[in-house]
Amino acid sequence: MSDTALRGEFLSTIDWWREAGIDTLVEEEARDWLAAPRPAPAPAASPAAATAEAPASVPATLDAIAAFYAEDAMFGRPDGRLLPQGDAASGLMLLADQPEPGDDEAGQIIGGEVGRLFDRMLAAIGRDRASIYLTTMTPVRVPGGRPESAALERWTEIARTHVSIAAPRLLLLLGDAATRAFIGTSLADARGRVHSLNLGGHNVRAMATFHPRFLLQQPARKADAWRDLRLLLEELGQ
């Protein structure tokens with residue numbers, strides 16, 4: 001990476017910290033940076049997390065899932081579909097309910113102004129789009145942004161199977177809709193702790209935080225989002 005690009009990422013990270021209200025880069029307790037990583041604590045069980053068996057009609061590999069999102073007629077129009085992006089082997093999977101307005105033209109999940117804030121959030125935890133696995137529950141945005149209940153139920157079934165196949169070390173749910181689909185509670189109730197999900201026989205740890213779209217609308221909640229990201233870092237052992 002060039003010095004110019006590295007400086008740009010550094011400044012982007014500082015911008016995010018400043019917006020989140022961080023003015024001193026210290027922790028409450030001293031950290032031994034040379035010590036071996038501490039074992040992750042046992043995640044809190046989520047009583048509302050239901051077991052989801054993979055439906056027979058849903059493919060069983062990541063490549064097949066991508067092809068399913070690209071081709072299946074249930075998602076409506078065939079053009080402008082956004083398939084999963086990033087590195088599925090990264091250990092960190094981020095999932096939103098659906099693409100943002102304009103994402104299809106940009107060819108990027110969470111693009112535009114919302115995407116610029118999203119990139120700063122990733123930089124603040126030492127990640128970028130290439131070092132996460134990013135997807136949505138549907139590859140196209142529903143007109144008006146509000147799916148019918150039957151469609152949402154089917155999206156959820158497929159997305160839960162998708163996560164069970166990806167088997168990330170940690171799943172970060174972005175926004176209330178994705179949180180309700182996976183954890184069964186509102187975002188307000190789900191934040192601040194780690195949930196244990198049983199997805200098709202695979203145990204997946206999951207957290208929930210605000211969608212960057214909401215943070216643009218409610219900048220005062222960026223400090224709360226930063227607390228979520230700090231917990232994420234702890235769970236990943238960084």
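These figures come from a predicted structure and were not determined experimentally.
- Counting heavy atoms from C-beta outward, Val142 and Glu148 have side chains that stay 4.5 Å or more apart.
- Neither side chain, Asp176 nor Thr179, offers a donor N or O lying under 3.5 Å from an acceptor on the other.
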Exercise for the section: Report the C-alpha distance between Ser196 and Arg205 in whole Å, list the side-chain angles of each, state the deciding distance to 0.1 Å, and finish with yes or no for side chain to side chain contact (heavy atoms under 4.5 Å, CB included). Expected result: CA-CA 5 Å; Ser196 180; Arg205 294 184 299 161; 5.8 Å; no

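- Considering only heavy atoms from C-beta on, Leu187 stays 4.5 Å or farther from His211 through its side chain.
- For the pair Val163 and Pro168, the minimum side-chain heavy-atom distance is below 4.5 Å.
- Shown here for Asp224 and Arg191, the closest heavy-atom pair between the two residues is O-NH2, 3.2 Å.
- Scanning both residues, Ala159 and Leu95, for their nearest heavy atoms gives CB-CD1, 4.3 Å.
- Listed for the Glu100 side chain is no donor-acceptor partner under 3.5 Å among the backbone atoms of Gly111.
- Partner of His162 under the ring pair (Phe, Tyr, Trp, His ring centres under 6.0 Å) criterion, out of Trp155, Phe182, Tyr133: Tyr133 alone.
- Across every non-hydrogen atom of Ser131 and Arg127, the tightest pair is O-NH1, 2.7 Å.
- Residue Leu236 comes nearest to Arg169 through the heavy atom pair O-NH2, 2.9 Å, listed as atom of the first residue, atom of the second, then distance.
- A distance of 10.5 Å separates CE in Met93 from CD1 in Ile132, rounded to the nearest 0.5 Å.
- Here the shortest heavy-atom pairing between Leu62 and Ala88 reads CD1-CB, 3.5 Å.
- For Asp87, the side-chain contact (heavy atoms from CB on, under 4.5 Å) partners at least two apart in sequence or on another chain are Ala89, Ser90.
- Note that CG of Leu173 is 13.0 Å distant from CZ of Arg180, once rounded to the nearest 0.5 Å.
- Heavy atoms only, all atoms of each residue included: Arg141 and Pro99 are closest at NH1-O, 2.9 Å.
- In this structure, the separation between CZ on Arg227 and CZ on Arg221 is 8.5 Å, given to the nearest 0.5 Å.
- The structure places CG of Asp128 at 10.0 Å from CZ of Phe118, a figure rounded to the nearest 0.5 Å.
- Checking side-chain atoms of Arg129 against main-chain N and O of Ile109 turns up a donor-acceptor pair under 3.5 Å.
- Under 4.0 Å is where a charged nitrogen must lie from a carboxylate oxygen, and between Glu113 and Arg116 no such pair does.
- The one candidate from Leu94, Leu122, Leu92 that meets the side-chain contact (heavy atoms from CB on, under 4.5 Å) condition with Leu134 is Leu94.
- Expressed to the nearest 0.5 Å, how far OG1 of Thr209 lies from CG of Leu215 amounts to 6.5 Å.
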Practice task
Please report the C-alpha distance between Leu152 and Met137 in whole Å, then the side-chain angles of each, then the deciding distance to 0.1 Å, and finally whether the side chain to side chain contact (heavy atoms under 4.5 Å, CB included) criterion is met.
Solution key: CA-CA 9 Å; Leu152 182 58; Met137 293 171 63; 4.2 Å; yes

Show the atom names and distances, to 0.1 Å, of all donor-acceptor pairs under 3.5 Å that link a side chain in residues 74-84 to residues at least two apart or in another chain.
unit_1: Arg77; atom_1: NE; unit_2: Asp79; atom_2: O; d: 3.4
unit_1: Arg77; atom_1: NH2; unit_2: Asp104; atom_2: OD2; d: 3.1
unit_1: Arg81; atom_1: NE; unit_2: Arg77; atom_2: O; d: 3.0
unit_1: Arg81; atom_1: NH1; unit_2: Tyr69; atom_2: O; d: 2.8
unit_1: Arg81; atom_1: NH1; unit_2: Ala70; atom_2: O; d: 3.4
unit_1: Arg81; atom_1: NH1; unit_2: Asp72; atom_2: O; d: 2.9
unit_1: Arg81; atom_1: NH2; unit_2: Asp72; atom_2: O; d: 2.9
unit_1: Arg81; atom_1: NH2; unit_2: Gly76; atom_2: O; d: 3.0
unit_1: Arg81; atom_1: NH2; unit_2: Arg77; atom_2: O; d: 3.4

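- Rounded to the nearest 0.5 angstrom, His195 NE2 and Ile183 CD1 are separated by 4.0 Å.
- Contact check for Leu174 versus Ile110: side-chain heavy atoms found under the 4.5 Å cut-off.
- Contact of the Arg213 side chain with the Leu216 side chain is not registered, since no non-hydrogen atoms from C-beta on lie closer than 4.5 Å.
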